[in-house]
Amino acid sequence: MSERECRQVDWYEQGIRDGAYGYDSGRVISHTEACGKLGIVPDRKAYFDGREQGLRRYCTAESGYNAGRYGRHYAGVCVGRGEPEFLNGYQQGRQRAVLEDDRDRLDREITSLEKQLKQVGSENDRNLLRRRIILREEERIRIDRAIRMDHGWRP
């Protein structure tokens, strides 16, 4: 936290924000260190009351899906707060992220193969490259189909 943030912080609201982002309880230590240099001590009760409110927002299947899809770390903060639903969403989000990563990898491979195709002189080599491109394009179509079927979180 900056000096300005430390001087203006509403500890309850800060707790809500940190909980809603899924930060673990150790986050308050960072705030204590940052603001302690200024002689400002967090209101721990207000912070943890707010954090609990924020965790209620975070510990949902939809939030789990988004955390998984965008590669955010899960700090185990949903135990006793709907963790099975969160983790189910998280797993589905991770699966979506893997599909998107695979699609991006295939796009790069296809582009590379197409560049090679322009540089190869032998007809046998050109045919081999064309077949490799077709296989990658077919795989990409399967991945695109799977991505289209995933419309975000669904229980």
Side-chain angles (χ1 to χ4, degrees), residues 1-6 8-9 13-37 47 50-155:
M1 295 181 79
S2 69
E3 178 178 345
R4 184 173 153 260
E5 290 170 320
C6 287
Q8 296 177 351
V9 69
E13 290 296 322
Q14 185 64 48
I16 289 175
R17 279 192 298 279
D18 288 354
Y21 283 113
Y23 289 122
D24 66 26
S25 60
R27 179 79 170 178
V28 74
I29 295 169
S30 301
H31 299 320
T32 301
E33 290 171 354
C35 296
K37 296 172 187 173
Y47 176 84
R51 182 173 172 273
E52 190 61 37
Q53 183 71 24
L55 287 172
R56 284 190 208 113
R57 292 182 195 165
Y58 180 73
C59 297
T60 65
E62 183 177 1
S63 181
Y65 178 88
N66 289 326
R69 181 174 179 197
Y70 298 109
R72 292 189 212 111
H73 171 73
Y74 171 53
V77 297
C78 294
V79 173
R81 298 178 182 93
E83 186 175 54
E85 294 82 7
F86 178 89
L87 290 175
N88 188 9
Y90 189 84
Q91 181 61 32
Q92 288 191 29
R94 287 302 312 135
Q95 290 170 355
R96 170 72 181 256
V98 167
L99 288 171
E100 290 173 344
D101 289 347
D102 287 347
R103 180 189 57 202
D104 293 344
R105 175 188 51 79
L106 285 167
D107 284 343
R108 289 189 302 274
E109 286 181 25
I110 291 167
T111 299
S112 174
L113 290 168
E114 288 171 340
K115 286 180 184 176
Q116 291 175 41
L117 184 62
K118 291 177 183 177
Q119 299 170 352
V120 171
S122 143
E123 192 60 32
N124 283 341
D125 289 343
R126 292 174 63 76
N127 287 335
L128 178 63
L129 285 169
R130 285 185 192 111
R131 282 190 291 256
R132 289 174 65 192
I133 290 169
I134 289 169
L135 290 173
R136 299 305 186 291
E137 288 173 340
E138 288 172 349
E139 188 177 350
R140 190 182 192 293
I141 288 168
R142 283 191 299 275
I143 289 172
D144 281 340
R145 202 173 290 133
I147 288 173
R148 278 193 307 274
M149 291 176 67
D150 175 26
H151 301 291
W153 165 248
R154 290 177 316 284

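Arg94 and Gly68 get closest at one heavy-atom pair: NH1-O, 2.8 Å. Here the closest non-hydrogen pair linking Cys35 and Met1 is SG-SD, 3.9 Å. Considering every non-hydrogen atom in both Leu99 and Ala146, the closest pair reads CD1-CB, 3.9 Å. Closest heavy-atom contact between Tyr58 and Cys78: CD2-SG, 3.8 Å. Here the closest heavy-atom approach between residue Arg126 and residue Val120 is recorded as NH1-O, 3.5 Å. Residues Asp24 and Ala75 approach most closely at CB-CB, 4.1 Å, considering heavy atoms.
Looking only at side-chain heavy atoms (C-beta outward), Arg81 and Arg56 stay at 4.5 Å or farther from each other. Glu139 has its side chain out of reach of Asp102: every pair of non-hydrogen atoms, C-beta onward, lies at least 4.5 Å apart. The shortest side-chain heavy-atom distance between Lys115 and Lys118 does not fall under the 4.5 Å cut-off. Side-chain contact between Arg17 and Arg27: absent, with no pair of heavy atoms (C-beta onward) separated by less than 4.5 Å. The shortest distance between side-chain heavy atoms of Val28 and Arg51 does not fall below 4.5 Å.
Judged purely by distance below 3.5 Å, without hydrogens or angles, the side chains of Asp18 and Gln14 pair a donor atom with an acceptor atom.
Residue Arg132 qualifies as open at atom CZ: its count of foreign heavy atoms under 6.0 Å is 12 or below. Counting heavy atoms of neighbouring residues, nucleotides and ligands inside a 6.0 Å radius, atom OH of Tyr74 exceeds 12 of them.
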Residues Arg142, Glu138; criterion salt bridge (Lys or Arg N to Asp or Glu O under 4.0 Å); working and verdict
CA-CA 6 Å; Arg142 283 191 299 275; Glu138 288 172 349; 5.0 Å; no

So Arg96 and Ile147, side-chain contact (heavy atoms from CB on, under 4.5 Å) or not? Walk me through it.
CA-CA 7 Å; Arg96 170 72 181 256; Ile147 288 173; 3.5 Å; yes

Using the side-chain contact (heavy atoms from CB on, under 4.5 Å) rule, take Asp125 and Gln116 through it: C-alpha gap first, then chi angles, then the decisive distance, then the call.
CA-CA 10 Å; Asp125 289 343; Gln116 291 175 41; over 6 Å; no

Derivation and outcome, side chain to side chain donor-acceptor pair (under 3.5 Å), residues Arg130 and Asn127:
CA-CA 5 Å; Arg130 285 185 192 111; Asn127 287 335; 2.8 Å; yes

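Using cut-offs of 30° and 60° for the angle between ring planes, the Tyr90 and Phe86 rings count as parallel.
With rounding to the nearest 0.5 angstrom, the CZ atom of Arg136 is 12.0 Å from the CD atom of Glu114.
Checked options Asp104, Leu106, Thr111; the residue passing with Arg108 is Asp104 (criterion: side chain to side chain contact (heavy atoms under 4.5 Å, CB included)).
Residues passing the side-chain hydrogen bond (donor to acceptor under 3.5 Å, both in side chains) test with Glu3 are Arg7, sequence neighbours excluded.
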